[in-house]
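First the proteins, then the strands, lettered A, B, ... as listed; each starts at 1.
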Amino acid sequence: MRYSQALMPTLKETPAEAEVVSHRLMLRAGFIRKLTAGIYTYMPYGLAAIRKVENIVREEMNRAGAQELLMPMVQPADLWRESGRYEKYGPELLRFHDRHERESCLGPTHEEVITDIARKELHSYRDLPINLYQIQTKFRDEIRPRFGLMRGREFVMKDAYSFDVSDEAAQVSYKKMYEAYRRIFIRCGLKFRAVQADSGAIGGSFSHEFMVLAATGEDTIVICTACEYAANVEKAAIKPVENRSDELEKDLEKVETPGKRKVTAVCEFLGIEPDQLVKTMVYQADGKPVAVLVRGDREVEEVKLKNLLGVADVELAGDKEVFDATGVPTGYLGPVGISIRVVADQEVAAMKNFYVGGNEKNHHMKNVNCGRDFQPEHIADLRQITVSDPCPDCGGTLELTEGIEVGHIFKLGTGYSESMNAMFSDKDGVEKHLVMGCYGVGVSRIVAAAIEQNHDENGIIFPVPLAPFTVILLNLGLQDKEITDAAEMLYRELQDAGVDVLLDDRDERPGFKFKDADLLGVPFRVTIGKNFVKNGLVEVRQRRDGVTEEMSPSDVLASLPAKIAAELKN
RNA sequence: CGGGGCGUAGCGCAGCCUGGUUAGCGCGCCUGCCUUGGGAGCAGGAGGUCGGAGGUUCGAAUCCUCCCGCCCCGACCA
């Protein structure tokens, strides 16, 4: 590509809308331009990066034995009614009517369509196992799109679906995808972790997320420093508390706590520590109030709560909702004699003689005991894990870190094949439900994540496998025939050697070209200038470490393509 | 949807509080000269429904009302 003919509009200044590094750099380097909230045009250079990721994903999916197909984006509502998700999916599913008033939606994911294909085309155990995938633009009407390509409403996703004869066979398919995903993210040059995850709205029984480690990540993950354990905090199970303290249960007492509503204020006033107090949080679980008990210094993990209650949505209730449901102002709520459902974190059940709200303004209770003074409907793991908790697997020390979810794999089981009646005949002639798995990669998000992980103050530093151009060739002597001839020749020769090369033949000053080369993040920069006229040498500089060498154009040709090929191998 | 913030030239911003006649600055863009190894310099030039609608006023970018859009924090998720 000749820079003089390319639409790669770089910006010196950062548009005000961008907050995170990848978004800022993608705007500055001319990757993307926003059309409206969460919806972007992929400009030529940005699209080239996306294509690089797509190709890696495609190669690894094919290597794992999956087959590519392409499903429709516009889907009939009736299909979604069959799976029960038309009602369940929520407002992320963009619904609309076509000209014949037929209800339709834009595909946020494709379990329904692929299951429809499966029930029509897969009839025998002989057709199985099979794994079908596509790389496609998805639309999810996110509540709050943000961070550029990190969370857009339109985004490029690879989604794959496996079909098996049994749970055991599905486990094999799942493992294959797990391995394929590891290879994909390694080849993309990303630092990542596979973590145990909640299976969320897609449904299913077992799942892993692939997290790129980066401070701007929207997820928090726990990693064990001693063993292989790693999990999303939403999922990270906390070990049950073994033995309850053998302290004697004391008599229940009411104490005055005028104006003290927050845990810290109550503790300070009563001269106690937060771990002697139990807070009562009211949640709306699918619209119905539930009181959730956790120790004063703990946080409720809403995903665990949601799973325990088996509801689609939980939301912390507002002051008014709390008062309407219980007749008690927030801050003084407690489980003793409360009228709404109560669930307790397992830790609460093991505590003795603790403090809770008195269910009366300006009052708390002391010497409260679970089982004696109140009986929760469930006692379960409901709080968020912390670094002071032991590893659920080995008891070792945990670390917390932020991650960007770039892949998610699920064992779906037979949920969809049952609701949509997708069957096959087994060896013994018995009709059975297909056992499914589904596997997603956020292709456009990978580009954003890669930039989050690979940049400096001057711009992007592309890993070679993702770089739209691996070499940028700077002609610093446009007026000088000798320099220009050498640049043109090297440009052709590098292209012939299969290198993605960008020739900067723009009539700009050297500093300008250097800045753009850095901003674009091209891994290798070859500069032809004065030194070529003097002694026939060009400069080769690596973007990542700034290592610079002088050599003849023929040496460039002899060494660079091989070097690049080595980086691509992995 | 709840909370916070912002809409003035392609981009980044000032002006608004305290209304006043041709609405400024930097970058970018166009023309010319000059310059050529880290976003040069000089000269000239183009480019604006001040987000939209209504109102107050002799007069509105500025004050008031409503609407729209965008960004940030939360719930959602590849």
Between [options], spot the one nearest the side chain of [X], thanks.
X        : options                : value
A:Lys515 : B:rG37, B:rG39, B:rC11 : B:rG39
A:Arg509 : B:rA78, B:rA40, B:rG37 : B:rA40
A:Ala37  : B:rC70, B:rC11, B:rA78 : B:rC70
A:Ile143 : B:rC77, B:rA75, B:rU36 : B:rA75
A:Arg146 : B:rC72, B:rC70, B:rG37 : B:rC72
A:Arg28  : B:rG12, B:rA78, B:rG39 : B:rG39
A:Leu519 : B:rG39, B:rC11, B:rC73 : B:rG39
A:Lys34  : B:rG74, B:rG38, B:rC70 : B:rC70
A:Glu405 : B:rC72, B:rC13, B:rA78 : B:rA78

Can you check nucleotides 4-9 of chain B for protein contacts, nitrogen or oxygen pairs under 3.5 Å, and list what you find?
none

Please determine whether a side-chain nitrogen of the Lys or Arg among A:Glu60 and A:Arg63 lies less than 4.0 Å from a carboxylate oxygen of the Asp or Glu.
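Between A:Arg63 and A:Glu60 there is a salt bridge, with a charged N closer than 4.0 Å to a carboxylate O.
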Mind checking side chain to side chain contact (heavy atoms under 4.5 Å, CB included) for A:Ile340 and listing every partner two or more places apart, or none if nothing turns up?
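Counting only residues at least two positions away or on another chain, A:Ile340 forms a side chain to side chain contact (heavy atoms under 4.5 Å, CB included) with A:Val282, A:Pro289, A:Ala291, A:Ala325, A:Thr326, A:Ile338.
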Output all residues satisfying side chain to side chain contact (heavy atoms under 4.5 Å, CB included) with A:Glu13, sequence neighbours left out; order by chain, then residue number.
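Partners of A:Glu13 by the side chain to side chain contact (heavy atoms under 4.5 Å, CB included) criterion come out as none, since no residue qualifies.
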Contacts of A:Phe210 that satisfy ring-ring contact (aromatic ring centres under 6.0 Å, His included) - sequence neighbours left out:
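With sequence neighbours excluded, A:Phe210 shows a ring-ring contact (aromatic ring centres under 6.0 Å, His included) to A:Tyr178, A:Tyr181, A:Phe185, given in chain and number order.
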[X] near the nucleic acid: base, sugar-phosphate alone, or nothing, with a heavy-atom cut-off under 4.0 Å?
X        : answer
A:Thr527 : base
A:Phe147 : sugar-phosphate
A:Asp516 : base
A:Gly407 : sugar-phosphate

Examine the base of [N] for any acceptor or donor lying under 3.5 Å from a partner atom in the side chain of [X], and report the outcome as yes or no.
X        : N      : value
A:Glu539 : B:rG37 : yes
A:Glu13  : B:rG26 : yes
A:Arg525 : B:rG38 : yes
A:Asn531 : B:rG37 : no

Taking 4.0 Å as the cut-off, does a side-chain nitrogen or oxygen of [X] come that near to OP1 or OP2 on [N]?
X        : N      : result
A:Arg151 : B:rA78 : no
A:Lys12  : B:rG28 : yes
A:Lys530 : B:rG37 : yes
A:Thr36  : B:rC70 : yes

Write down the distance between [atom1] ([X]) and [atom2] ([N]), rounded to a whole number of angstrom.
X        : N      : atom1 : atom2 : answer
A:Leu190 : B:rA78 : CG    : C1'   : 14 Å
A:Leu476 : B:rG37 : CG    : P     : 8 Å
A:Glu457 : B:rG38 : CD    : P     : 17 Å
A:Glu321 : B:rC1  : CD    : C1'   : 12 Å
A:Glu142 : B:rC77 : CD    : C1'   : 5 Å
A:Met211 : B:rC77 : CE    : C1'   : 10 Å
A:Arg506 : B:rC29 : CZ    : P     : 10 Å

Consider salt bridge (Lys or Arg N to Asp or Glu O under 4.0 Å). Of A:Glu218, A:Glu17, A:Glu19, which one does A:Arg146 pass it with?
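Exactly one pass, corresponding to A:Glu218.
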Which residues within residues 549-556 of chain A lie with some heavy atom under 4.0 Å of an atom in RNA chain B?
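The answer is none.
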At a heavy-atom distance below 4.0 Å, what parts of residues 477-486 of chain A sit against RNA chain B?
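Under 4.0 Å from RNA chain B: A:Gln479.
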Mind running ring pair (Phe, Tyr, Trp, His ring centres under 6.0 Å) on A:Tyr174 and A:Phe206 for me, showing each step along the way?
CA-CA 10 Å; A:Tyr174 185 91; A:Phe206 185 65; 5.5 Å; yes
Give a yes/no verdict on a cation-pi contact between A:Arg95 and A:Tyr86, requiring under 6.0 Å between NZ or CZ and the six-membered ring centre and an angle within 45° of the axis.
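Yes, A:Arg95 and A:Tyr86 form such a contact.
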Nearest-Å distance once atom P is located in both B:rU62 and B:rU56
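The same atom, P, in both gives a distance of 15 Å.
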Give a yes or no on this: more than 12 heavy atoms of other residues, nucleotides or ligands lie within 6.0 Å of atom CD of A:Glu315.
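Incorrect, the count does not exceed 12.
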Planes under 30° and centres closer than 5.5 Å, is that true for A:Phe155 with the base of B:rA78?
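According to the criterion (under 5.5 Å, under 30°), yes, A:Phe155 stacks.
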Show, in sequence, the C-alpha distance, side-chain angles and deciding distance for A:Gln67 and A:Asn131, and conclude whether the side-chain hydrogen bond (donor to acceptor under 3.5 Å, both in side chains) test is met.
CA-CA 6 Å; A:Gln67 297 174 59; A:Asn131 186 320; over 6 Å; no
